[in-house]
Amino acid sequence: MRTIITGGAGFLGSHLCDRFLAEGHEVVCVDNLITGRTSNLAHLRDNQRFSFIHHDICHALEIEGEVDNILHFASPASPIDYLRHPIPTLKVGSLGTHNSLGLAKFKQARFLLASTSEVYGDPEQHPQREDYWGHVNPIGVRGVYDEAKRFAEAITMAYHRFHGVNTRIVRIFNTYGERMRLDDGRVLPNLMGQALRAEPLTVYGDGSQTRSFCYVSDLVDGIYRLLLADFHEPVNLGNPNEVSILDFAQEILELTGSASELVFKPLPQDDPKVRRPDIDRARRVLGWEPKIDRHEGLSRTLKYFRARVADNA
Ligand code: UDP
C-alpha cells in the first residue's frame, strides 16, 4: 500500500504518517509547511518507507508510480491560523482539494477528505448529526475555513458521483494531543501554556460555550477505520463528552496545580456556542468510539507541553 498524506507535517497529519507506517504502508508526505513543521517528522527521517515532498497542493502534483490512498489533510486548522492565512485556507480547501481529487482519479486511489465540525457553523441542532446542514456565516472571519471545507465536501461528493472516485469524508471535531503547537491559538495549548508559565488563563466570553475534546490516538484510529470502510457519506469523529470552556479551564488549573487566575476576554466573532458530535454513525459503520477519557488524554498532553514550555524558557 502506498499512501499520500497532504498536510502530513501538521499535528494530525504527522500522527497519520506514524499510523500508516505502523500498518506497513509506504507514506509520502506532502506539505508546504505554512503551519506544519518538519520537527513533527524528524523521527521518520531514516525510515525507508517514508518520504517528504515540500509542495503546495494548490499547484498540481505529479507522483510517479502507483498510489493506493490519498488523505487530504492540508489546511490551516486553528482559528488564529486561518485568520492569519485566509487566502491560503480558501485555496487549499478548493484548489488543493481539486488537485488531490484529480490525482486520486488518475491513480485510481481511494481518497479521504479531512472535513470539520466547522461545516455546522454556530449550530442550531445539538448534538450535531451528519444530516444537519449547518448554520455558517459565509462572510464572517471564520467563513474562509468553513466555506472552504463545505466546498471541499461538495467537490468530493461530485468526484464520487460523477467520476466514480472512491471517496470518504471525515468531519473532525476538536482534537488534542502531542505535537500541537504551543502558539497555535487553540484553547488547549493557550490554557496549558499559560498555566505552566504561571500566567493568567484567557477565557473568551463568559466561558459558557461548550466543546467536546477528542484525544488524537482515538481520532487517528477512527480515520484508519473509515478509510477501510466502504462508506461515502460524511462521518463525524470526535469525543461526545462535552464541557464548558470555563470548566475546562478549571480542569487545567487542577491538573497542572497552577495558581493562575482566569481573565475574561471578548468572545471572537461567530464563535460557536455549543459543539458536540453525534457519533452514532461512526459507532454503527466503523464500530468506533473514543477510548481515552479527558483526564487521561490531558495528562499525556501535559507532559508534552511541559517539555515545550521548558524548550522556550
Ligand atoms: N478559547 C478561550 N481561550 C483561549 C482560546 C480559545 O476561551 O485562549 C475559546 C474559544 O473562544 C472557543 C473555544 O475556546 O469558544 C475553543 O476554541 P479553539 O480556538 O480551540 O477552537 P474552535 O473550537 O473555536 O475551533
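Note that ligands are numbered from 1 as they come in the structure, with each ligand's atoms numbered from 1 the same way. Just so you know, these numbers come straight off a predicted model, no measurement behind them. Scope of the values below: all heavy atoms of this structure, side chains included, with no hydrogens, waters or symmetry mates.
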Under 4.0 Å between heavy atoms, the region of Arg186 that gets near ligand 1 turns out to be both
Quiz item: Would one find an N or O of Gln194, backbone or side chain, under 3.5 Å from an N or O of ligand 1?
Solution: no
More than 12 non-hydrogen atoms from neighbouring residues, nucleotides or ligands closer than 6.0 Å to NE2 on His163, yes or no?
yes
task: Using distance alone, determine whether Leu267 and ligand 1 share an N or O pair under 3.5 Å.
output: no
If you measure every N or O of Tyr82 against every N or O of ligand 1, does any of those distances drop under 3.5 Å? no
Under 4.0 Å between heavy atoms, the region of Pro268 that gets near ligand 1 turns out to be side chain
Counting heavy atoms under 4.0 Å, the part of Lys265 that contacts ligand 1 is neither
### Query
Are there more than 12 heavy atoms of other residues, nucleotides or ligands under 6.0 Å from atom CD of Glu23?
yes
Q. Above 12 or not: heavy atoms from other molecules or residues under 6.0 Å from CD of Glu296?
A. yes
So for Asn190 against ligand 1, with non-hydrogen atoms under 4.0 Å, the contacting part is side chain
So the atoms of ligand 1 within less than 4.0 Å of a heavy atom of Val203 turn out to be 7 (O)
Only residue of Arg171, Glu130, Arg129 satisfying side-chain hydrogen bond (donor to acceptor under 3.5 Å, both in side chains) with Tyr120 is Arg171
* Asked: Does the side chain to side chain contact (heavy atoms under 4.5 Å, CB included) test come out yes or no for Leu237 and Cys214, once each step is laid out?
  -> CA-CA 8 Å; Leu237 290 181; Cys214 184; over 6 Å; no
The answer for which part of Asn174 has a heavy atom under 4.0 Å from ligand 1 is side chain
Review point. Are Arg275 and ligand 1 in contact, using a heavy-atom cut-off of under 4.0 Å?
Key: yes
Under 4.0 Å from one or more heavy atoms of Glu118, ligand 1 contributes atoms 25 (O)
side-chain hydrogen bond (donor to acceptor under 3.5 Å, both in side chains) test vs Asn69 passes for just one of Arg110, Arg168, Arg2, namely Arg110
Per-atom filter on ligand 1: closer than 4.0 angstrom to a heavy atom of Arg142 are 22 (P), 24 (O), 25 (O)
Does NE2 in His135 sit with more than 12 non-hydrogen atoms of other residues, nucleotides or ligands closer than 6.0 Å?
no
Review point. N/O to N/O below 3.5 Å, does that happen between Thr202 and ligand 1?
Key: yes
NZ (Lys265) and OH (Tyr204) are apart, to the nearest 0.5 Å, by 8.0 Å
For Ile245, the atoms of ligand 1 under 4.0 Å from one of its heavy atoms are 7 (O), 13 (C), 14 (O)
Atoms of ligand 1 under 4.0 Å from any heavy atom of Asp271, numbered from 1 in the order shown, are 10 (C), 11 (O), 12 (C), 15 (O)
